[in-house]
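Each chain gets a letter, A, B and so on, in the order the sequences are listed, and its residues count up from 1.
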Amino acid sequence: MILNKIVLLAGFTARSQAYVQAMQNYGFAPEYTILFGPERPILPGQVEMHSTSDLRSDLFYPDLSIPLKQSIKQKQWQFESIDCINVNNEMIRSVLLKLSPDLVIYSGYGSQLVKPFLLDTKIPFLHMHSGWLPEYKGSTTLYYSWIAEQNCAVSAIYLLPGIDEGPILLRKKYPLPPSGIDPDYIYDCSIRADLLIDIIGKIKKDKKNIDAKPQNDTGSIYYVIHPVLKHLARLSKKY
Amino acid sequence: MGEYIYSKGDLIKNPNTYFYADFKGIDFLHAWLQSREQVLSSIDVQEKLSHDDFFEITDAKNFRTLTHKYNETNLIYTKDLLLSILSELEKSSFDMSDNELAYWLDLLVKKFEVTKKIHESYGDSFKAVDKSKNRDFYLYILLSGVFCSAYIKTRHLKFLNVLLKVNDSLCSFSEELTEFQIAHTVKILKLEKNFVLQLSKELGVAI
């Protein structure tokens with residue numbers, strides 16, 4: 001099923017692989033896909049491919065041994081690649097303005113913020129944040145929530161210039177990653193993809209974008225988790 | 001046991017990013033602990049602190065007067081700011097509802113998390129007045145003390161997270177510290193160890 005007026009803007013990351021494979025698993029395809037950034041892993045969020053095909057779970061886990069472009073070509077999605085490192089790029093902006101979609105599903109690189117340069121186009125950018133908003137803003141919130149709450153969460157938001165400040169479409173809590181599942185590249189990407197599929201299903205059902213509620217001012221911004229805390233989470237008995 | 005790499009080298013010139021750190025099991029925590037113990041054992045504490053306080057903060061400027069003045073002048077000296085916050089944390093029953101103190105603590109967390117440096121003074125928009133003045137080790141010690149105090153008062157993970165990073169820097173230049181600075185560093189590292197061991201106990205991790 002083609003998702004009319006919906007564009008996927010994706011870097012070459014594990015998260016993008018998860019989004020694409022999950023959409024294909026549920027029979028969805030964006031009207032158009034824009035790929036950007038380097039195909040070989042040099043930016044945060046990129047990883048050497050490895051297979052996850054032997055995993056069993058209620059969640060859909062991506063097979064990271066399948067390159068992003070291969071999945072897209074296999075299902076004959078309409079796409080183009082833009083040769084740039086940063087998402088805040090004139091070519092990307094001009095393609096988006098030309099396509100004028102109702103929604104951009106955004107899957108960028110870890111260290112890049114989408115700037116007003118793109119957000120001022122007034123095209124809503126849908127971002128799946130791996131944390132319960134507004135409480136857990138910022139980076140690696142999966143781990144902070146793991147330590148403090150013994151669960152994980154994803155919040156779907158429309159991007160605003162401030163870090164994870166956009167209005168919330170949907171939120172969902174998830175159990176801790178099952179033992180043996182890589183939290184960074186597999187579980188984090190899978191739970192984001194899971195909520196994305198819920199959102200797409202809702203958009204298809206309602207035939208319009210989902211209304212979003214502004215966040216209140218509570219919550220903290222978190223920064224990249226220190227390896228000591230990351231190890232404490234992963235070694236936690238409750239894991 | 002592997003090597004703990006995050007407190008090696010000149011972390012002011014070449015800061016860690018901590019992005020996607022590999023998981024290395026319990027050995028990693030042992031390596032971290034051993035690395036911190038090595039710093040503690042290698043520094044000779046000649047000068048004992050005369051009291052239980054972190055710092056001699058009796059002459060600290062009033063936090064609210066200082067920060068209000070910054071709003072007018074757009075200039076604040078980091079030593080004054082950190083001492084005033086330490087003093088404030090000592091005397092008040094701080095909680096996150098103290099908006100002004102929470103604001104400044106968050107600003108310091110952000111500043112260090114983003115730059116991994118602390119500068120002599122800050123001007124407009126809390127930007128460093130002179131970017132080259134970032135090697136006053138006493139400021140790193142004071143900053144670490146502030147985050148220790150904030151974590152004791154709140155148990156908020158954002159303070160423990162940034163504290164671990166400041167202390168990586170402190171350990172990286174431990175051989176350059178003065179006797180006075182060493183005495184404070186010892187206290188800070190012992191507190192940090194207690195924080196981590198307490199949290200590991202709560203999470204059921206035996207280090």
*Only one of Val228(A), Leu229(A), Thr140(A) forms a side-chain contact (heavy atoms from CB on, under 4.5 Å) with Asn161(B), so which one is it?*
Leu229(A)
*asked:* Below 4.5 Å, heavy-atom pairs only: which of Val114(B), Leu164(B), Thr17(B) has the largest tally toward chain A?
replied: Leu164(B)
_With rounding to the nearest 0.5 angstrom, report the CZ to CZ distance, Arg234(A) to Phe23(B)._
5.0 Å
*asked:* With a 4.5 angstrom heavy-atom cut-off, is it the side chain or the backbone of Val162(B) that approaches chain A, or both, or neither?
replied: neither
*Can you find a pair of side-chain heavy atoms, one from Val224(A) and one from Lys165(B), that are under 4.5 Å apart?*
yes
*asked:* Quick check on Lys115(A): does its NZ atom have over 12 non-hydrogen neighbours (other residues, nucleotides or ligands) under 6.0 Å away?
replied: no
*With only heavy atoms counted, which part of Asn16(B) is less than 4.5 Å from chain A, the side chain, the backbone, both or neither?*
neither
*asked:* Between Ile26(B) and chain A, with a heavy-atom cut-off of 4.5 Å, which part of the residue counts as in contact: side chain, backbone, both or neither?
replied: both
_Tell me the closest heavy-atom pair linking Lys158(B) and Ser220(A), and the distance in Å._
NZ-OG, 3.2 Å
_Quick check on the 6.0 Å ring-centre criterion: do His156(B) and Tyr222(A) meet it?_
yes
*Should we count CG of Asp83(A) as having more than 12 external heavy atoms under 6.0 Å?*
no
*Could you tell me how the ring of His226(A) sits relative to the ring of Tyr18(B): parallel (under 30°), tilted (30 to 60°) or perpendicular (over 60°)?*
tilted
